[in-house]
Amino acid sequence: MHKNIRTRFAPSPTGYLHIGGARTALFNMLFARHFGGTFLLRIEDTDRKRSTIQAIQAIINGLEWLGLTPDEPTVFQSRNIQRHKEAAESLIQSGQAYFCYCTANELEEMRKTALARGESPRYDGRWRERDQSDAPKDVKPVIRFKSPQNGKTDIFDLVQGNVSVENRELDDMVLLRADGSPTYMLSVVVDDHDMKITHAIRGNDHLTNAFRQTQLFKALGWSPPHYAHIPLIHGPDGSKMSKRHGALGVEAYREMGYLPEAILNYLMRLGWSHGDDEIVSMKQAIEWFELHEVNKSASRFDFDKLNYLNAHYIKSMPDDCLISLIEKKTKVNLVTRDRLKKGLAGLKERAKTINEIVEKGEVYLCSRPIKIESEALSSLTQECLRKLQLIATDFQSLEEWSEDGVKSVIHNFIEHHKVKMRDIALPLRIALSGSTSSPGLFELSFALGKEEVLGRISDATGMSSRI
RNA sequence: GACCCCAUCGUCUAGUGGCCUAGGACAUCGGCCUUUCACGCCGAAAACACGGGUUCGAGUCCCGUUGGGGUCGCCA
């Protein structure tokens, strides 16, 4: 079972790569890599009307961003349609499929009556044994699978365990539409077989599909892959994930300033764990991942934990990488880049997202005169301004501009003028950052540089005295 | 509604019959650190859905109840 493992992520390109899909892809990759197998991507685009190239691109980009790139060229299901049709034909030949001439109205009625009788809405099999000569001329038939009526179908799911259903519960599904195109149910089976997929790892919403697919595999004389239905991700309130809950495309997470490492780490811990380990790299995950250790129950999406992980990976990211990410989100020039670099250590400590770094890093990136928050401005008393002017002259005479140098200037100031740290820290912070909350004063001053510090102090004293 | 699946702190989870007076993490609350905001450190509160069995012994096995989810398309 561990030889030549082949897994696939098989999304339909009707929208972005959402967070649940990303996790499915992750688990497929983790499992394949763990056994030195192959991870594939198959775009399920048999429904041409709903598939878009934008969606295909979004899925491929999303996977690439997360580092979940397939090991072989992407398979487009629509290119295998001929094969799917042949499979349907062969089932007709072997008497395991038949033409059905029901109209949409007839089907609608069948569902209603079944529902009324307290049964599942389903096709009643009326064309199963009916003679072809009865076929109405004006109706194009679909091909339906003649599914077994007796016995039951078992699947041994690697995550969910042994699951079985009575065959009579399953109606005859459509294999080929009236227009001759194959349905998902047929395509998946044929492609999984042709691609030599050994393990179908997908969302739990496919669990009941596995029964029908297993029947189809058998009818075609093939053996089904091992199935693993991983639990779904729900919204924070336990209901189905909505956009509000984080059911966004992965590119939305990138825009919000999340790191792929954080998302991957967060996603892998949803339903899977390795003892008490919380911070897990892809390398470790590949080494440790086992399908039978995946939980059966759905989990809820939690932004707090994602934020925590993201903050962790931001802290451990090299400065150069961080700066280039910041540069993608905001304008940085030669001068501000230098300031940013000097102040980055303090910024990293605080931020939960890249966007937060950009926001907080604005103190280094903005140019004079800086904007001062009104609340901060109102705490700048005349006394504050006087102190600012005084300390400006002290800064002026500081020759070697270093963090320690700035520190000693401030400490000396406190001693000479017999004031508390707060008394000078607050006005200085406001003058330099325009806010009552900023990075540490010493590093802020140092990173800004002497000229900028003196400039901002002078701006503040000038501006305030005019009010 | 029918069928299928699931059920440990608010959340993610550890736990595979005795090591569990249930462990870790996020969030919450308190303290320390501190020039602000954070970070960090220390501490607290917080769970085996319920009811029956099986067993010397059950969070762990079985059954039922309740609750939640999924599926029931000529969508995937």
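Keep in mind the model is a prediction, meaning the values are calculated, not measured. Values below: every heavy atom of this structure, side chains too, minus hydrogens, waters and symmetry copies. Reminder, nothing fancy here: chain letters follow the sequence lines and each chain counts from 1.
Base contact: A:H206 has a heavy atom under 4.0 Å from a base atom. Nucleic acid contact class of A:V142 (heavy atoms, under 4.0 Å, all strands): base. Using a 4.0 Å heavy-atom criterion, one finds that A:S433 contacts no nucleic acid atom at all. Within the 4.0 angstrom heavy-atom criterion, no nucleotide atom of any strand lies near A:L176. Within 4.0 Å (heavy atoms only), A:C100 reaches no atom of the nucleic acid at all.
In this structure, A:E169 atom CD and B:A2 atom P are separated by 11 Å, rounded to whole Å. Rounded to an integer number of Å, the gap from A:R202 CZ to B:U71 P is 12 Å. In this structure, CD1 of A:I56 is placed 14 Å from P of B:A76, rounded to the nearest angstrom. Taking atom CG of residue A:L107 and atom C1' of nucleotide B:C72, one finds them 14 Å apart after rounding to whole Å. The CG atom of A:N307 sits 11 Å away from the P atom of B:U28 (whole-angstrom rounding). For A:M173 and B:G73, the CE to P distance is 13 Å, given to the nearest whole Å. Taking atom NE2 of A:H84 as the reference point, atom P of B:A76 lies 11 Å away to the nearest angstrom. A:Y184 places its OH atom 11 Å from the P atom of B:U71, with the value rounded to the nearest Å.
Residues forming a ring pair (Phe, Tyr, Trp, His ring centres under 6.0 Å) with A:F39 (at least two apart in sequence, or on another chain): none.
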A:E356 and A:R350: salt bridge (charged side-chain N to carboxylate O under 4.0 Å, His left out), yes or no, with the steps? CA-CA 9 Å; A:E356 227 174 286; A:R350 280 153 245 261; over 6 Å; no

Under-3.5 Å N/O pairs linking protein and nucleotides 5-12 of chain B:
{"unit_1": "B:C5", "atom_1": "O2'", "unit_2": "A:Q160", "atom_2": "OE1", "d": "3.2"}
{"unit_1": "B:C6", "atom_1": "OP1", "unit_2": "A:K296", "atom_2": "NZ", "d": "2.8"}
{"unit_1": "B:C12", "atom_1": "OP1", "unit_2": "A:R300", "atom_2": "N", "d": "3.0"}
{"unit_1": "B:C12", "atom_1": "O2'", "unit_2": "A:R269", "atom_2": "O", "d": "2.9"}
{"unit_1": "B:C12", "atom_1": "O2", "unit_2": "A:K305", "atom_2": "NZ", "d": "3.3"}

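With both ends at atom P, the span from B:C9 to B:G59 equals 15 Å, rounded to whole Å. Here the separation of B:A49 from B:U8, taken at their P atoms, is 6 Å to the nearest Å. On the C1' atoms, B:A14 is 24 Å away from B:C29, given to the nearest whole Å. Annotation: B:A44 and B:C61 have their C1' atoms spaced 36 Å apart (nearest Å). For the C1' atoms, the distance linking B:U36 with B:C42 amounts to 23 Å, nearest Å. Taking the C1' atoms as reference points, B:U13 lies 27 Å from B:U65, given to the whole Å. Of the C1' atoms belonging to B:A46 and B:C62, the separation is 31 Å, rounded to the nearest Å. When the P atom is used for both B:G51 and B:G67, the distance is 16 Å, rounded to whole Å.
Not a single donor-acceptor pair, N or O on each side, falls under 3.5 Å between the base of B:A25 and the side chain of A:D277.
Remark: the A:Y266 side chain and the A:D302 side chain contain no N/O donor-acceptor pair separated by less than 3.5 Å. For the residue pair A:Q77/A:D45, the side-chain donor-acceptor check at 3.5 Å is not satisfied. If you check the side chains of A:Y98 and A:D172, you find a donor sitting under 3.5 Å from an acceptor.
Summary of the strand contacts: A:H292 and A:D47 both lie near RNA chain B, and taking for each the nucleotide with the nearest heavy atom, the more 5' one is attributed to A:H292. Nearest-nucleotide positions on RNA chain B for A:A178 and A:G275 put A:G275 closer to the 5' end.
Pairing partner, B:A7: B:U66, with both Watson-Crick or wobble hydrogen-bond distances short of 3.5 Å. Pairing for B:G18 goes to B:C56, judged as Watson-Crick or G-U wobble with the two contacts each under 3.5 Å. B:A38 makes up no base pair with any nucleotide shown, lacking Watson-Crick or G-U wobble contacts both under 3.5 Å. Of all nucleotides present, only B:C29 satisfies the Watson-Crick or G-U wobble test against B:G43, with each distance under 3.5 Å.
With hydrogens and angles ignored, the 3.5 Å screen pairs no side-chain donor or acceptor of A:N295 with any backbone N or O of A:S297. Between the A:D157 side chain and the A:H229 main chain, a donor and an acceptor come within less than 3.5 Å of each other. In this structure, the side chain of A:R23 engages the main chain of A:L270 through a donor-acceptor pair within 3.5 Å. Distance alone, capped at 3.5 Å, places no donor-acceptor pair between the A:R339 side chain and the A:K342 backbone.
Taking 4.0 angstrom as the limit, A:T46 places a side-chain polar atom (N or O) nearer than this to OP1 or OP2 of B:A76. Between A:R144 and B:C74, a side-chain N or O to OP1/OP2 separation shorter than 4.0 Å is present. Between B:G73 and A:R212, no contact under 4.0 Å exists linking OP1 or OP2 to a side-chain N or O.
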Can you check each nucleotide of nucleotides 33-41 of chain B against protein heavy atoms at under 4.0 Å and return B for base, S for sugar-phosphate only, - for none, in 5' to 3' order? --BBBSS--

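In this pair, A:Y101 and A:F99 present their aromatic rings tilted. The plane angle is within the 30 to 60° band.
Checking each of A:R122, A:R144, A:R212 against A:D171 for a salt bridge (Lys or Arg N to Asp or Glu O under 4.0 Å) leaves exactly one that passes, namely A:R212.
By the 4.5 Å heavy-atom criterion applied to side chains, A:D277 and A:W288 are counted as neighbours.
For A:D205, the side-chain atoms get nearest to B:U71 when compared with the rest of B:U71, B:C72, B:G23.
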